[in-house]
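All of these numbers come straight from a predicted model, not from anything done at the bench. Sequence lines set the chain letters: A, B, ... in the order given, protein chains first and strands last, and positions in each chain run from 1. Below, each value reflects all heavy atoms present in this structure, side chains not excepted, and no hydrogens, waters or symmetry copies.
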Amino acid sequence: MTSRIDTQALKERQRQLARQVIDQDDLRLPPQLVAGVDAAFPDGGRTTRAAAVLMRFPGLELMDEVVHEQPTELPYIPGFLSFRELPAILGALERLSVPPELVFCDGQGRAHPRRFGIACHLGVTTGLATIGVGKSRLCGRHEEPGPEKGDAVALSDDDEVIGRVLRSRSRVRPLYISVGHRVSLETAVELVLACTPTYRLPEPVRRADRLAGHR
DNA sequence: GCGACAG
DNA sequence: ATCTTGTCGC
């Protein structure tokens, strides 16, 4: 049986909203308050548990943490992740004591088939500056980046550069960094590196991962 | 038709 | 993402 979900309609919404993405720096630099968000799916996926972590920049001192749960509305479909995770993530973000100036998202930004991954969706929906931090590739092609922290190569789709494949720490699998909203790709890469002192993931998303219940 | 496919 | 123990490597 075919999916009950009208992916064609969702594609149109993505293409429409993608026109509102701002891929240039339009935020205070350096920012003072950054956040990381992520979602987990307990109960065999019936519940969506979103976490938001607020930290100061550049010191990365913890300022606030929020966990928010609500019933899962949609299944996971490659290319439509944001429609599944965004509702709960918005709920978590709204409950932070202070709104962040920049949000690191677990997943792609413009490095998406219709240039509208979850980081873009969150940015356009809230108006916040956002950066996509993917742990693996959704689309695009690239060479293998060098082995040291900071080594990076372009992620390209056709003739378009849609992101960067970045070695956030030496000798770890690279991250897929892309513009979410109101941040340039160059600034996104610098901010990711500045928030990644110890582990593979930027500290805000790593902590959001933990809070949501990952391991 | 076949392979790819964020979390 | 989630289901799951031990195990290989620094």
Side-chain angles (χ1 to χ4, degrees), chain A residues 2-3 5 7-8 10-11 13-14 17-18 21 36-53 67-93 103-125 130-142 147-149 155-158 162-181 185 188 192 198-202 204-215:
Chain A
T2 59
S3 174
I5 297 164
T7 54
Q8 290 309 315
L10 296 183
K11 282 184 183 178
R13 287 176 56 188
Q14 292 178 323
L17 291 169
V21 169
V37 295
D38 188 34
F41 298 87
D43 306 317
R46 289 185 295 281
T47 298
T48 301
R49 177 192 296 147
V53 172
V67 175
H68 170 73
E69 293 187 357
Q70 62 181 61
T72 301
E73 299 170 8
L74 298 171
Y76 167 67
I77 304 172
F80 303 94
L81 169 72
S82 64
F83 294 101
R84 170 171 164 88
E85 297 195 348
L86 208 52
I89 286 175
L90 290 173
L93 272 177
V103 184
F104 293 93
C105 303
D106 198 328
Q108 318 297 336
R110 290 213 318 160
H112 176 280
R114 289 163 293 284
R115 309 296 182 257
F116 200 68
I118 186 168
C120 299
H121 204 154
L122 176 61
V124 167
T125 298
T130 60
I131 293 173
V133 182
K135 296 188 292 296
S136 64
R137 185 189 66 87
L138 173 60
C139 66
R141 304 181 74 266
H142 66 88
E148 303 301 323
K149 174 171 184 174
L155 176 64
S156 306
D157 201 7
D158 298 308
I162 59 177
R164 297 212 75 179
V165 185
L166 173 69
R167 201 77 71 178
S168 56
R169 301 290 299 166
S170 293
R171 277 145 251 261
V172 298
R173 282 189 301 141
L175 296 177
Y176 292 77
I177 308 304
S178 59
V179 169
H181 189 49
L185 181 56
V192 165
T198 310
Y199 300 96
R200 179 187 179 224
L201 290 177
V205 275
R206 192 185 75 84
R207 299 206 55 153
D209 264 29
R210 283 184 57 274
L211 240 197
H214 287 257
R215 277 297 170 174

Could you check which residues of residues 162-175 of chain A get a heavy atom under 4.0 Å from DNA chain C? Sort them by number, please. none
Sugar-phosphate or base contact per nucleotide [nucleotides 1-7 of chain B; S, B, -; heavy atom under 4.0 Å]: ---SBBB
Hey, could you give me the [atom1]/[atom2] distance between [X] and [Y], rounded to the nearest 0.5 Å?
{"X": "A:F104", "Y": "A:R206", "atom1": "CZ", "atom2": "CZ", "result": "14.0 Å"}
{"X": "A:R13", "Y": "A:F116", "atom1": "CZ", "atom2": "CZ", "result": "9.0 Å"}
{"X": "A:L74", "Y": "A:F83", "atom1": "CG", "atom2": "CZ", "result": "8.5 Å"}
{"X": "A:L155", "Y": "A:H142", "atom1": "CG", "atom2": "NE2", "result": "6.5 Å"}
{"X": "A:I177", "Y": "A:I131", "atom1": "CD1", "atom2": "CD1", "result": "7.5 Å"}
{"X": "A:E85", "Y": "A:T72", "atom1": "CD", "atom2": "OG1", "result": "9.5 Å"}

Flag side-chain contact, heavy atom, 4.5 Å: [X] against [Y]:
{"X": "A:L175", "Y": "A:P202", "result": "yes"}
{"X": "A:L93", "Y": "A:L122", "result": "yes"}
{"X": "A:S178", "Y": "A:I162", "result": "no"}

Note on DNA chain C: ranges paired as stems (three or more Watson-Crick/G-U pairs in a row, both atom distances under 3.5 Å) are none
Interface polar pairs with nucleotides 8-10 of chain C, N/O, under 3.5 angstrom:
none

Tell me the closest heavy-atom pair linking [X] and [Y], and the distance in Å.
{"X": "A:Q108", "Y": "A:G134", "value": "NE2-CA, 3.8 Å"}
{"X": "A:A52", "Y": "A:L211", "value": "O-CD1, 4.2 Å"}
{"X": "A:Y199", "Y": "A:R169", "value": "O-CG, 3.0 Å"}

Dot-bracket pairing map - DNA chain B, Watson-Crick plus G-U, both contacts under 3.5 Å, | cross-strand: .......
Please name all residues satisfying ring-ring contact (aromatic ring centres under 6.0 Å, His included) with A:H68, sequence neighbours left out, ordered by chain then number. none
Distance alone, cut at 3.5 Å: any donor-acceptor contact between the side chains of A:T48 and A:Q70? no
Cation-pi, A:F41 ring and A:R84 (6.0 angstrom, 45 degrees): yes
Which part of the nucleic acid, if any, lies within contact of A:A111, taking any heavy atom under 4.0 Å across all strands shown: a base, the sugar-phosphate backbone alone, or nothing? nothing
